[in-house]
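Here the structure is a predicted model, which means the values were calculated and not measured. To find a chain, count down the sequence lines: A is the first, B the second, and so on, and within it residues start at 1.
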Amino acid sequence: MLLQMAPVIEVEGLVKRYGSLVAVDGVSFSVLPQEIFGILGPNGAGKTTTVECLQGLRRADGGRMSVLGLDPQHDARTLRARIGSQLQESALPDRIKVWEALDLFSSLSPHPLPWEQLLNDWGLVDKRNAKFGDLSGGLQQRLFVALALANGPEVVFLDEMTTGLDPAARRVAWDLIGRIRDGGATVVLVTHFMDEAEALCDRLAIIDHHKVVATGTPQQLIVDHGGGVTVCFSTGHTDLQWLTSVPNVTSVEHHGDQVSVHGEGPVLAMVAAALVEHGIAPPDLRVERATLEQVFLHLTDNGEAP
Amino acid sequence: MRTLAKLSTVELKLLTRDPLTLLFSLALPLVSLLVLGGVFGNQPSPEVWQGIGPMSFYVPAYVGLVIAALAIISLPTALAGDRERGVLKRFHASGVAVSAVVGAQVVVTLVMAVVSSVLLVALAALVYDFEWPQSIVGVIGAFVLSGLALAALGVLLGAVLPTARSAQAFGVMAWFVLFILGGAGPPYEVMTSVMQRVADFTPLRHVVLILHEPWLGVSAGWSWAIVVAMLVVGSALGLRLFRWE
């Protein structure tokens, strides 16, 4: 159903250089209507530059982009009225009050949302008269997301939105992002939090060294790049070498009574059938899949947590 | 236009929450006026100020100085600071036009200049005798033109100078040069010829001259054209060199 819709965002071979430094090197992906699309990658991979090009904030040096059918380079003004943007590095004047900022930003759009609702949604009601400079980092971040929504945008770009939020506030934010989408908007989420990407995103592009290294749903990425499946169980039997000859199994590890069987594809079904055939019925037979985090580390090959 | 009005209102509100800046731009010209008034009195002397009484000469000159302080120091500092901190980037991403950002700064400068000038003239009227404007309409015209022209130069400075710190440092320095050489300090007639040549190149001298014309009934000559040129060149360059980040 989704696949039949025309993409809201199309990027093809996007290139952006800063002097001799290549920040984005041939990035391509497309985002469908009402998708929550994640852009995941280590710091400095080119995520922010990519979304800033899409918002017409930076001139691309090559490639083709289309957002809501508009060219961000030439129709930037028209485009900005229809998108919402939460930037990674930006600020408001220290002395502006929360309500004044919302009032100002919602007045920029011909179809503003009632900003009182945004105060409510983002837990800013008590802070209505607080000055921007007096807000904590987390509250400033929430205000920025609220401002990104103030013009009733069709596409929302959220760049490191949950950075600086405490775990509870992050959960609330995830919930609200789901609601932004349910309200009909498309969300582009730049993040380096794996749990966030896995919980929220319909599809992801993983960017590393300025290129897209993989695109797909989180599940698909795990299946394709997770390095197979591990079936685990415990048993008192010690002679289990025969397991290596079961179809789809690649290796078997045995520690005490804990057994891990690595394999590809429907390895769980094969192992289960073989075990039953040998009269073994472990009560804790289970599958352990790679997490998105492992996929990410495998794909970006940087060996350290992003 | 709606954005400009909204942004100007917000900027003015922000300024009222910044008492130090407010005090600086309002009080400095007042203090200077009292000091110079104390030195010169208002006894006309045929050798200097074209034979006009010192305070009659200085009150309009200080109106020019007030505009210059706001346009050359406050405006560029605010603009460069907003860029440095990412405020301009935030506005840009939400579709605020350059004209609205710059326009709001100009509106703030003009509003503050009016408030500050009224205070200045009121204080001067309490303490000194000086000539009142011969043509109020003419003074208002010269005031608005001067405000726009100096603000255009301020926009140019705010576009070129990278940080609030550098804008403030440069602004204060430039303002003192204008203060001393531009006609709000020692009389033009007592300057050396080199100083006079330099003074002829300071924007404030021409601003003061066009304020004097309708106020005192003396001729400003080419200064009108020079101030208009400041406005045109300043805004053209300022808008061209304007950067969001």
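- Within a 6.0 Å sphere centred on NZ of A:Lys127, other residues, nucleotides and ligands contribute 12 heavy atoms or fewer.
- Interface summary for chain B: among A:Ala150, A:Ser85, A:Gly84, the most heavy-atom pairs under 4.5 angstrom belong to A:Ser85.
- Using a 4.0 Å cut-off between charged side-chain N and carboxylate O, B:Lys89 and A:Glu52 make a salt bridge.
- Contact count against chain B (heavy-atom pairs under 4.5 Å) is highest for A:Asp103 among A:Thr78, A:Asn151, A:Asp103, A:Leu147.
- For A:Arg64, the CZ atom is densely surrounded, since the number of other residues' heavy atoms within 6.0 Å is greater than 12.
- Looking at A:Lys131, the atoms closer than 4.5 Å to chain B (heavy atoms on both sides) all sit in the side chain, from C-beta outward.
- Annotation: maximal heavy-atom pairing with chain A below 4.5 Å, among B:Val10, B:Asp18, B:Leu7, occurs at B:Asp18.
- Atom CZ of residue A:Phe132 and atom CG of residue B:Leu14 lie 12.0 Å apart, to the nearest 0.5 angstrom.
- With a 6.0 Å radius and a threshold of 12 heavy atoms from other residues, nucleotides or ligands, A:Tyr18 has its OH atom above the threshold.
- Contacts of B:Glu11 with chain A are absent, with no heavy-atom separation under 4.5 Å from either backbone or side chain.
- The line from NZ of B:Lys6 to CG of A:Leu108 is 9.5 Å long, rounded to the nearest 0.5 Å.
- Heavy-atom contacts from other residues, nucleotides or ligands closer than 6.0 Å to CD of B:Glu84 number more than 12.
- Per-residue counts of heavy-atom pairs under 4.5 Å with chain B were compared for A:Ser90, A:Ala148, A:Gly56; the largest is that of A:Ser90.
- With chain B as the partner, the residue from A:Ala91, A:Pro153, A:Ala101 showing the most heavy-atom pairs under 4.5 Å is A:Ala91.
- If you measure heavy-atom distances from A:Arg58 to chain B, the contacts under 4.5 Å come from the side chain alone.
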Original post:
What's the verdict on side-chain contact (heavy atoms from CB on, under 4.5 Å) for A:Asp94 and B:Arg85, showing C-alpha distance, side-chain angles and the deciding distance?
Top reply: CA-CA 10 Å; A:Asp94 274 340; B:Arg85 295 188 55 239; 3.0 Å; yes
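- When every heavy atom of A:Arg95 is checked against every heavy atom of B:Arg17, the shortest pair comes out as O-NH1, 2.6 Å.
- Nearest heavy-atom pair, B:Val87 versus A:Leu92, reported as atom, atom and distance to 0.1 Å: CG2-C, 3.5 Å.
- Distance check: B:Thr3 OG1 to A:Leu104 CG gives 8.0 Å after rounding to the nearest 0.5 Å.
- Residue-environment remark: CD (A:Glu89) stays at or below the threshold of 12 foreign heavy atoms within 6.0 Å.
- Considering OG of B:Ser94 and CD1 of A:Ile83, their distance stands at 9.0 Å, rounded to 0.5 Å.
- More than 12 heavy atoms of other residues, nucleotides or ligands shown are found within 6.0 angstrom of CG on A:Leu21.
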